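The structure under discussion appears below in the form of structure tokens.
Predicted model only: the values in this text are computed from it and were never measured. Just so it is clear: chains get the letters A, B, ... in the order the sequence lines come, proteins before strands, and each one is counted from 1.
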2 protein chains.
Amino acid sequence: MSTQERIPAWCPGQEWCSLTATASLVGKKWHPVIIHRLLANGPLGFNDLQEEVDGISSKVLSESLDDLAEKQLVERRVIEDKPVRTQYRLTDLGESLEPVVHAMASWGEAHLEHVDDRDASLV
Amino acid sequence: MSTQERIPAWCPGQEWCSLTATASLVGKKWHPVIIHRLLANGPLGFNDLQEEVDGISSKVLSESLDDLAEKQLVERRVIEDKPVRTQYRLTDLGESLEPVVHAMASWGEAHLEHVDDRDASLV
DNA sequence: CGGTATCCTCATTGATACTG
DNA sequence: CAGTATCAATGAGGATACCG
């Protein structure tokens, strides 16, 4: 994979390029959740993962996993038993996102929870 | 602002809700950059901010700031001099995102830089 | 079980121009 | 300086169905 795909073309070499590049990974709707689930529950099959990430369609999950695999954050491993199984696991690079995902989750818990105090009708 | 807008409706009360909620703030293309610039360079006027965030159109900057203000991460302050000036600054809630933005920027620097070693034609 | 293939809708972005 | 208006383009996401 080339830099072109990792560093967006419109990013004009600023100080914050790496920030937006990270956002383009972690900012996708389902990517942080998928990473979070794989961090928590180890390697998972496709359908297991779909249940973990409740609400995602198989199409979007498939596309997300393709994207994550292309970015070398997730590794797809086919187990050649019968019936054939598939496992998705984080690569080392993917696991290295743990602090980022953790920071995001922590912030959400700390700062969105007290919003619920004002309007606890949901959640 | 109600919980409905902060916690996405499709988020089924899972463990990772707060994660996706954070992602919906920090995952927007320009939001982390705007926050980063405001963290680094204090209060800024509209046009100053547009220069800091090189490449953003005034329309998108305006919309992003509206969004950030609505989420109480950024405060808009009109200075009633002549000519009228505007200042955008982070709220306390906005500043509390510093660890998240920092984690994202650090990860990007640490893990995208060595990609450039393989293809240093850009950046 | 582990996906593709369609089709559709809506959100986001961008370019450009214009205003008080 | 600080935006708004308009319009076009893109693409992410969702619903559903189907396949080996």
Under a side-chain separation threshold of 4.5 Å, the hydrophobic residues clustered together with A:Val84 are A:Val78
side-chain hydrogen bond (donor to acceptor under 3.5 Å, both in side chains) partners of A:Gln87, counting only residues at least two apart:
A:Arg89
Rounding to a whole Å, what distance do you find between B:Leu49:CG and D:dC1:C1'?
13 Å
Can you see if the side chain of A:Lys29 gets near the phosphate of D:dG14 - specifically, an N or O under 4.0 Å from OP1 or OP2?
yes
In whole angstrom, give the distance that lies between atom CG of B:Leu61 and atom C1' of C:dA15.
16 Å
Could you work out, with side chain to side chain contact (heavy atoms under 4.5 Å, CB included) as the rule, every residue matching A:Val100, not counting sequence neighbours?
A:Val26, A:Leu97, A:Met104, B:Ala103, B:Met104, B:Trp107
Can you name the side-chain hydrogen bond (donor to acceptor under 3.5 Å, both in side chains) partners of A:Glu98, sequence neighbours left out?
none
In whole Å, what is the span from the CD1 atom of B:Ile79 to the C1' atom of D:dG3?
16 Å
Heavy-atom protein contacts under 4.0 Å, nucleotides 2-7 of chain C, coded B base, S sugar-phosphate only, - none:
BBBBBB
Starting at atom CG of B:Asp67, determine the distance to atom C1' of C:dT13, rounded to an integer number of angstrom.
14 Å
Holding to side-chain hydrogen bond (donor to acceptor under 3.5 Å, both in side chains), I want the full list of residues that pass it with B:Asp66, two or more places apart in sequence or in another chain.
none
End-to-end axis angle, where each axis spans five pairs of the helix from C:dC1-D:dG20 to C:dG20-D:dC1, to 10°
50°
Could I get the full list of side-chain hydrogen bond (donor to acceptor under 3.5 Å, both in side chains) partners for A:Arg85, not counting sequence neighbours?
none
Pick from A:Arg37, A:Arg76, A:Arg77: which one makes a side chain to side chain donor-acceptor pair (under 3.5 Å) with A:Tyr88?
A:Arg76
Tell me the interatomic distance from B:Ile34, atom CD1, to D:dA2, atom C1', rounded to whole angstroms.
15 Å
Whole-Å distance, B:Lys28 NZ to D:dG11 P, equals 18 Å
Return the set of residues passing side chain to side chain contact (heavy atoms under 4.5 Å, CB included) with B:Ser57 (not counting sequence neighbours), or none when no residue passes.
B:Lys59, B:Val60
